[in-house]
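Everything on this sheet refers to the single structure shown next.
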2 protein chains.
Amino acid sequence: MNPAKAGPASEKTDGSASEKADGPVPEKTGGPVPEKTGGPARPYHHGDLRRAILGAALDVIAAEGPSAVSLRDLARRAGVSHAAPAHHFKDRVGLLTAIAAEGFGLLATALDDAGDLRDAGVRYVRFAREHPAHFQVMFAPELLRANDLELTTARTLAGGRLRAAVSAVPAEGRGPDARLAGIAAWSLAHGFATLLISHNLDGQVGGQDPDEVFHDLTGMLFRPEQP
Amino acid sequence: MNPAKAGPASEKTDGSASEKADGPVPEKTGGPVPEKTGGPARPYHHGDLRRAILGAALDVIAAEGPSAVSLRDLARRAGVSHAAPAHHFKDRVGLLTAIAAEGFGLLATALDDAGDLRDAGVRYVRFAREHPAHFQVMFAPELLRANDLELTTARTLAGGRLRAAVSAVPAEGRGPDARLAGIAAWSLAHGFATLLISHNLDGQVGGQDPDEVFHDLTGMLFRPEQP
DNA sequence: GTGCAATCTTGTCAGTGTCAAGTTGTGCGG
DNA sequence: CCGCACAACTTGACACTGACAAGATTGCAC
């Protein structure tokens, strides 16, 4: 996308792949990979190219946003040809959709055993901090294939976890309208998370633990009794 | 960005410019642009190209997100050559930065004569609904030139309006920590606005007036007394 | 009028997504 | 053990994009 910052292929073909992906170099099972002999350095089959592309994409998104991902760049990072990613993700939208679906899955498991609504909110914010790339893509519908099956099922699963956390709040604590309480809780958590990972709260929160700050924030919603 | 959906240039050169920009096409003679006749159909100078490009960009962003804006596409919509936009905005980042700066200016004036914090929140959300393109770009720092002077001054101005609204809340109503109250209010409004314009609340809010919903939401923060 | 600066055009280059067709490796039935 | 279908990857091509450079046109101060 930005030709000025992308050097020639030779500069980027070194093994600077994501640390998250567990080893972009296949190393299948001690296979006969010629180490540095004159032949081709990498085997024809990558081993886990899909995971490597995902990991590299997450790195790029976390650092420069979703619009900075380039399939060709990811291919270079993984040390494969420029069209290899398409075989796993169909196209750019397919890659981002896969990331979003994975994100909703991760969010669902993060919310899995939340104690109460306040705990769910803290987990929501923590998820956004720990998986900022996923989080950004999950809520950017114009980048996604809306009717993708994996995406919709994962999103439904995560949505169910959220709704469960809201309905667990005792009725006298959440005001007259449960629907409204859900929107309020989601808005507060989502807004805090969004502002946090876009560095719009850097001046306000300072060095304090964001989890703690948000915990205090939730005290301003849903207070059945005054302390 | 997506060549598959973009036809040849001749298909997009028709006068489908933004309706928001007041007269992007000069229409010197009022006649339609002749396809292949020798005479130049449009004058050399556009008249208000900067505004036309901005308007077209806002249309595209509102419809397909910031990643869908293409300087060449905007030039086509305005009926100018592919390099004309660069003269006004330097590059793509410059265009988006100008949009963000304009957005913070609009937000500042929208917050100008807000009554109380609740009113400021309602105006914040209304701004996001009425200027979704501006809003999206304003909080996507990776798309912007961070040290742009116009941007930083406009942002500071809007930030001041927000802080003023928070500090106008009586101390006993906002809890022990004014800073925390500000973060809470901003998070709630920002989260609601973000979820709203990304259509993540379509099922929840239904046909209800979003302003009203958010007004009710704010009642769950900052309640000095029980009703 | 003349000169100048702002505005816009034309041309070019490297980078990108996507499709099509070919190549290489893997696993499986026989 | 063998061949073969299929998955994984490569090569090549095309239309598109952002950015830059150099030239053409216009409005405007003087």
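Naming: A, B, ... by sequence-line order, numbering from 1 per chain. Atoms considered below: every heavy atom in the structure, side chains included; atoms not considered: hydrogens, waters and symmetry mates.
Atom C1' of nucleotide C:dG17 and atom CG of A:Leu96 are separated by 13 Å, given to the nearest angstrom. At whole-Å resolution of the value, CZ in B:Phe89 and P in C:dC8 are 11 Å apart. One atom, NZ of A:Lys90, and another, C1' of C:dC19, lie 9 Å apart when rounded to the nearest Å. Distance CG (A:Leu95) to P (C:dT16): 15 Å, rounded to an integer number of Å. Rounded to whole Å, the distance from NE2 on B:His88 to C1' on C:dT7 is 7 Å. Atom-to-atom, CZ of B:Arg92 to P of D:dT17 comes out at 12 Å; the value is rounded to the nearest Å.
Within the 4.0 Å cut-off from OP1 or OP2 of C:dT16, at least one side-chain nitrogen or oxygen of A:Arg76 is found. Of the side-chain N and O atoms in A:Ser70, one or more sit less than 4.0 angstrom from OP1 or OP2 of C:dG17.
A ring-centre distance under 6.0 Å is found for B:Phe127 and B:His131. Centroid-to-centroid, the aromatic rings of B:Phe139 and A:His199 stay 6.0 Å apart or farther.
With sequence neighbours left out, B:Arg123 forms a salt bridge (charged side-chain N to carboxylate O under 4.0 Å, His left out) with B:Asp113, B:Asp119. Every residue meeting the side chain to side chain donor-acceptor pair (under 3.5 Å) condition with B:Asn200, not counting sequence neighbours, appears here in chain and number order: B:Ser198.
Each of A:Leu71 and B:His87 has a nearest nucleotide on DNA chain C; the 5'-most of these lies closest to B:His87.
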Item checked: Residue pair A:Glu150, A:Arg145: steps toward the side chain to side chain contact (heavy atoms under 4.5 Å, CB included) verdict -> CA-CA 10 Å; A:Glu150 282 193 69; A:Arg145 193 118 45 209; over 6 Å; no
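Salt-bridge formation is not detected for the pair A:Arg77/A:Asp59: no Lys NZ or Arg NE/NH1/NH2 atom is positioned less than 4.0 Å from an Asp or Glu carboxylate oxygen.
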So which protein N/O to nucleotides 12-14 of chain D N/O distances come out below 3.5 Å?
from	atom 1	to	atom 2	distance (Å)
D:dG12	O6	A:His82	NE2	2.9

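Residue contacts for A:Ala86: at a heavy-atom cut-off of 4.0 Å it reaches no nucleic acid atom on any strand shown.
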